[in-house]
Protein chains: 2
Amino acid sequence: MKLTEARQQFISNWGAFGTHWGINRTMAQIHALLMISPDALSQDDIMAELNISRGNANMNIRELINWGLVERVIVAGERKEFFSAEKDIWKVVRQIVKERKKRELEPMLQLLDKLENTEGDKKDKHMKAFLDTVGSIKKLSKQADKTLDTMIKAEESWFVGNLLKLFK
Amino acid sequence: MKLTEARQQFISNWGAFGTHWGINRTMAQIHALLMISPDALSQDDIMAELNISRGNANMNIRELINWGLVERVIVAGERKEFFSAEKDIWKVVRQIVKERKKRELEPMLQLLDKLENTEGDKKDKHMKAFLDTVGSIKKLSKQADKTLDTMIKAEESWFVGNLLKLFK
DNA sequence: TTAAACTTTCAAATATTTTTGAAAGTTCGG
DNA sequence: CCGAACTTTCAAAAATATTTGAAAGTTTAA
């Protein structure tokens, strides 16, 4: 396969992949494009490569910056802004874990805390089933929360070298 | 908060949560409902509780069964089918991990293998950036694949007890 | 074998999300 | 300042995903 085709496949699959993870297609595609680009790209470059509108490009680049996956780059002698993506994939993974934890796991834990205090007859089977489920989800979520915190601080070498052995 | 309201909140939040994870709202809501129900429910019960149509209920229950999260239950003396969800949340998590790995990680690995063989001048900076990125994603994905395999086989006690310590 | 009870399907309708692009806003060199 | 270069916004349009419900299919008790 030629580079041009391979690049297209990578971008398009990364986009499809993103949609299974609550990330929109364009945002994932821009990310993919920047990850495989040796140099920073301007918004116009991105629009041209991916065939998307100015508004779409702008909004999704901004979102990638919010997620900490892309940064603005100043190119000497150029008026416009350029963008480049973090290339260290382990950093990317940690950054995504960190953001999703903040956006999803933490609110979920808050909800579970609140739901655990539901009032009612603890002998009633509906009450019991509810509290059991909420309680066990909370327990697991708390554990996941702590584990992810530690993972966010870990080095790639840990992941690549040590985790597997532990499981065995 | 009263049980009725708490149940509704749980169901509705579990549904919203699901949408961030590529699971549709109704499917997640049915799952939530079944998890907090002391007894198995019929399709009509589910339709009534969640206010959804027959077709929608049927399709999403089927999908939950495909995912291995819900099972059909025979209730003595009843003609219709009943459904119940796995209550052991650790089993639920492992099951979800297993399915997503199969559906997403494995196809991704196949793609990366293919893309790694892209032909071209390895001195060209576009080529180099592409191969570097693809290569490092592949490396990490392979590691994740193995790690998840081991996790799928692990006991809850492992997760709750041991993982955290290792990270430190 | 029949018909009532129940389940599944799927085309059309609805809802949700994403994208567009033109207009408004901002920045900066001169 | 001015105006060209550039960025951001957002209402409307398009694309995508989900839901409906009636019709077709299946199962079972008698």
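Throughout, protein chains are lettered first and strands after them, A, B, ... in sequence-line order, and every chain is numbered starting at 1. Please read all numbers here as calculations on a predicted model, not as lab measurements. Below, each value reflects all heavy atoms present in this structure, side chains not excepted, and no hydrogens, waters or symmetry copies.
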Legend entry - Qualifying side-chain hydrogen bond (donor to acceptor under 3.5 Å, both in side chains) pairs with a residue from residues 71-80 of chain A, counting only residues at least two apart or across chains: R72(A)-E81(A)
Inset, instruction - Starting from I74(B), walk the hydrophobic network (Ile, Leu, Val, Met, Phe, Trp, Tyr; side-chain heavy atoms closer than 4.5 Å) and list everyone else you reach, by chain and number. - result: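 None, because no other hydrophobic side chain comes under 4.5 Å of this residue.
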Legend entry - For K98(A), all residues meeting side chain to side chain donor-acceptor pair (under 3.5 Å), sequence neighbours excluded: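 Applying side chain to side chain donor-acceptor pair (under 3.5 Å) to K98(A) gives none.
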Inset, instruction - Identify, with sequence neighbours excluded, every residue that meets salt bridge (charged side-chain N to carboxylate O under 4.0 Å, His left out) alongside D124(A). - result: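 Once residues adjacent in sequence are excluded, D124(A) has no partner under the salt bridge (charged side-chain N to carboxylate O under 4.0 Å, His left out) criterion.
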Legend entry - Proximity to DNA chain C (any heavy atom under 4.0 Å), residues of residues 32-42 of chain B only: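 Contacting residues: none.
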Could you list all N or O pairs between the protein and nucleotides 27-29 of chain C that sit under 3.5 Å apart?
from: dT27(C); atom 1: O2; to: R79(A); atom 2: NH2; distance (Å): 2.7
from: dC28(C); atom 1: O4'; to: R79(A); atom 2: NH2; distance (Å): 3.2

Find every protein N or O atom lying less than 3.5 Å from an N or O atom of nucleotides 8-11 of chain C, and list the pairs.
from: dT8(C); atom 1: OP2; to: N58(B); atom 2: ND2; distance (Å): 2.6
from: dT9(C); atom 1: OP2; to: R62(B); atom 2: NH2; distance (Å): 2.8

Restricting to side chain to side chain contact (heavy atoms under 4.5 Å, CB included), what partner residues turn up for [X], sequence neighbours left out?
X       : result
Q43(A)  : M47(A), R54(A), A57(A), N58(A), I61(A), F83(A)
L131(B) : K122(B), M127(B)
F17(A)  : W21(A), E104(B), M108(B)
T26(B)  : N24(B), I30(B), I52(B), N56(B), N60(B)

Taking distance alone, no hydrogens or angles, what donor-acceptor pairs closer than 3.5 Å link side-chain atoms of residues 109-120 of chain B to residues at least two apart or in another chain?
from: D113(B); atom 1: OD1; to: K138(B); atom 2: NZ; distance (Å): 2.8
from: K114(B); atom 1: NZ; to: Q9(A); atom 2: OE1; distance (Å): 3.4
from: E116(B); atom 1: OE1; to: K138(B); atom 2: NZ; distance (Å): 2.5
from: N117(B); atom 1: ND2; to: D113(B); atom 2: O; distance (Å): 3.3
from: T118(B); atom 1: OG1; to: L115(B); atom 2: O; distance (Å): 2.6
from: E119(B); atom 1: OE1; to: M1(A); atom 2: N; distance (Å): 3.4

